[in-house]
Amino acid sequence: MRPISKLILMFFVAEIIIFLISSAIPINSPSLVQQYNGIESSIRNEPYILIALSIFSNNVRVALLDFIPAIGILFLAYSIVNTGMILSAVMTANHIPGIIAAISLLTLPHSFVELPSYAIATASGTYILLRRNEWIRGILTLIIVPIELFLAALIEASLFFVSNPYIMWIASAPVLAGLYFFYQYLQKVADRHISVNSSTSQPILTQQFYSLDSQYFNQYRDNWAKALLYESQGDLSNAMNFLWVSIINLIAAIAIKMNMPYYTKEDLDRVIQTLSYQYPQLNLLYQQAFSYKIQNDYQNFKVSITQLAAILQNIYQTSISRRIG
């Protein structure tokens, strides 16, 4: 599971727990009941589309506040607690346990379309805060929120016009499925963007060689770990991209140790050719890996690049500090 998906799940579970707890506490508050009745009566007699737009505008405003990094978590907690308190006050006035009403509300078709959107908004903002170099994933993930809330508003508004609210599960089920696939699509777009940035944004420097080699070596290990994660998820395209970026990072680390300034991929090719005088199989493995990558042959690519990485890592760890050849 992706880190951002874990955040969404965490906030969604927290949402449900906070909502159930806050609604379970009996509250005798005529002002909250009056507030609820006022809102309901103001929209009950409106046309369907106006009800949906009213619900949408209110909910999207809440979601945007939830998106604010760090502070959004507090807004999420406040909005959920406030909703639970209002529900409890209304149910207490009608001599019905609030927890029963909360559970019933969670079974309505719009709830599982609307509630996850707040968790997604909060997780997106939190992800940007935690992984600033992957901010694009947070922004792309946020795209789904207004779409999800608009669809939820259409479903919720329809409940004012149908005798059995559960019939709207017929609409909610395909909406949820569509949103899931759209979410996965957005994550793959983010993966591609981050992968491209990882391979093109590495600084090419000719000075401070010895302060940079460990950075490149760490990037080699980090990208290799990401590749294995994508492989375990069945995303072989991104796995291959990260393995290739990883091996480029490792060659760069060795180039720095060899005091060989580089500016282009051809310069890195020359590093391999220079090393091949001492390690003849190196250039063959390098060319094979590149060829398999072009052919999109992941299995053979993985074999070649794993052997290549083993040799290069051994070279790096022997701390080469002079040119070879």
Side-chain angles (χ1 to χ4, degrees), residues 1-13 60 63-64 66-67 69 72 112-152 172-202 219-249 289-302 304-306:
M1 182 181 292
R2 303 174 190 272
I4 195 167
S5 299
K6 292 179 182 178
L7 280 175
I8 293 170
L9 180 60
M10 180 184 73
F11 284 122
F12 180 63
V13 171
V60 81
L64 289 176
D66 293 343
F67 173 69
F112 277 90
V113 180
E114 177 185 329
L115 290 179
S117 64
Y118 304 127
I120 292 172
T122 308
S124 297
T126 303
Y127 191 86
I128 291 174
L129 186 66
L130 296 177
R131 297 195 176 188
R132 296 179 186 180
N133 62 326
E134 295 185 12
W135 60 269
I136 189 65
R137 188 183 300 281
I139 297 298
L140 285 171
T141 302
L142 185 66
I143 291 174
I144 200 172
V145 172
I147 298 172
E148 188 170 3
L149 286 175
F150 182 70
L151 294 172
S172 295
V175 164
L176 285 170
L179 289 170
Y180 171 78
F181 287 113
F182 184 52
Y183 170 80
Q184 293 298 333
Y185 168 76
L186 291 175
Q187 297 310 309
K188 289 181 179 180
V189 172
D191 290 340
R192 289 195 294 271
H193 183 89
I194 294 168
S195 175
V196 168
N197 280 356
S198 297
S199 61
T200 60
S201 65
Q202 304 298 338
Q219 288 168 3
Y220 149 68
R221 294 191 299 184
D222 290 345
N223 283 313
W224 196 277
K226 288 180 181 178
L228 295 181
L229 177 61
Y230 281 119
E231 182 182 27
S232 68
Q233 295 173 347
D235 190 346
L236 300 185
S237 176
N238 272 308
M240 183 178 291
N241 287 335
F242 273 100
L243 284 174
W244 186 251
V245 170
S246 176
I247 214 69
I248 294 299
N249 291 149
F290 183 75
S291 176
Y292 288 135
K293 183 178 186 298
I294 297 299
Q295 297 170 24
N296 204 30
D297 184 347
Y298 183 77
Q299 297 304 323
N300 285 320
F301 170 80
K302 178 72 179 298
S304 296
I305 210 161
T306 300

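Start at 1 with the first residue, then count along the sequence.
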Please tell me if the side chains of [X] and [Y] come closer than 4.5 Å, counting only heavy atoms from C-beta onward.
X: Leu186; Y: Arg137; result: no
X: Phe150; Y: Val60; result: no
X: Tyr127; Y: Pro3; result: yes
X: Trp224; Y: Ile305; result: yes
X: Asn223; Y: Lys226; result: yes
X: Ile248; Y: Trp244; result: yes

Worked verdict on Asn241 versus Asn238 for side chain to side chain contact (heavy atoms under 4.5 Å, CB included): CA-CA 5 Å; Asn241 287 335; Asn238 272 308; 4.2 Å; yes
Return the [atom1] to [atom2] distance between [X] and [Y], rounded to the nearest 0.5 Å.
X: Ile147; Y: Ser117; atom1: CD1; atom2: OG; value: 12.0 Å
X: Ser304; Y: Leu243; atom1: OG; atom2: CG; value: 11.5 Å
X: Ile144; Y: Tyr180; atom1: CD1; atom2: OH; value: 11.0 Å
X: Leu140; Y: Tyr183; atom1: CG; atom2: OH; value: 11.5 Å

Smallest separation among heavy atoms of Ile8 and Ala119, with atom names: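 Closest heavy-atom pair between Ile8 and Ala119: O-CB, 3.6 Å.
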For Ala63 against Ala121, the heavy-atom pair lying closest together: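 In this case the closest contact between Ala63 and Ala121 is O-CB, 3.4 Å.
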For Thr141, the option from Ile136, Leu7, Ile128, Ile120 that meets side chain to side chain contact (heavy atoms under 4.5 Å, CB included):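 When side chain to side chain contact (heavy atoms under 4.5 Å, CB included) is applied between Thr141 and each of Ile136, Leu7, Ile128, Ile120, only Ile120 qualifies.
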Geometric class of the Phe182/Tyr185 ring pair [parallel <30°, tilted 30-60°, perpendicular >60°]: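 Ring orientation, 0 to 90° scale: parallel.
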Exceeds 12 heavy-atom contacts within 6.0 angstrom, atom OH of Tyr298: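 It does: Tyr298 OH has more than 12 such atoms within range.
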Glu134 with Arg2: basic N within carboxylate O range, under 4.0 Å: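 Between Arg2 and Glu134 there is no salt bridge, as every charged N stays at least 4.0 Å from the carboxylate O atoms.
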ring-ring contact (aromatic ring centres under 6.0 Å, His included) partners of Tyr292, counting only residues at least two apart: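 Here no residue qualifies.
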Contacts of Tyr230 that satisfy ring-ring contact (aromatic ring centres under 6.0 Å, His included) - sequence neighbours left out: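 Checked Tyr230 against ring-ring contact (aromatic ring centres under 6.0 Å, His included); matches are Phe242.
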Candidate pair Phe11 and Thr126, rule side chain to side chain contact (heavy atoms under 4.5 Å, CB included), full reasoning: CA-CA 10 Å; Phe11 284 122; Thr126 303; 3.6 Å; yes
Qualifying salt bridge (Lys or Arg N to Asp or Glu O under 4.0 Å) pairs, either residue in residues 228-249, two or more places apart: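 Residue pairs with at least one partner in residues 228-249: Glu231-Lys302.
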The criterion is salt bridge (Lys or Arg N to Asp or Glu O under 4.0 Å); which residues satisfy it with [X], sequence neighbours excluded?
X: Glu114; answer: none
X: Arg221; answer: none
X: Lys293; answer: none

Working for side chain to side chain contact (heavy atoms under 4.5 Å, CB included), residues Asn133 and Arg131: CA-CA 5 Å; Asn133 62 326; Arg131 297 195 176 188; 4.1 Å; yes
Worked verdict on Phe67 versus Val145 for side chain to side chain contact (heavy atoms under 4.5 Å, CB included): CA-CA 10 Å; Phe67 173 69; Val145 172; over 6 Å; no
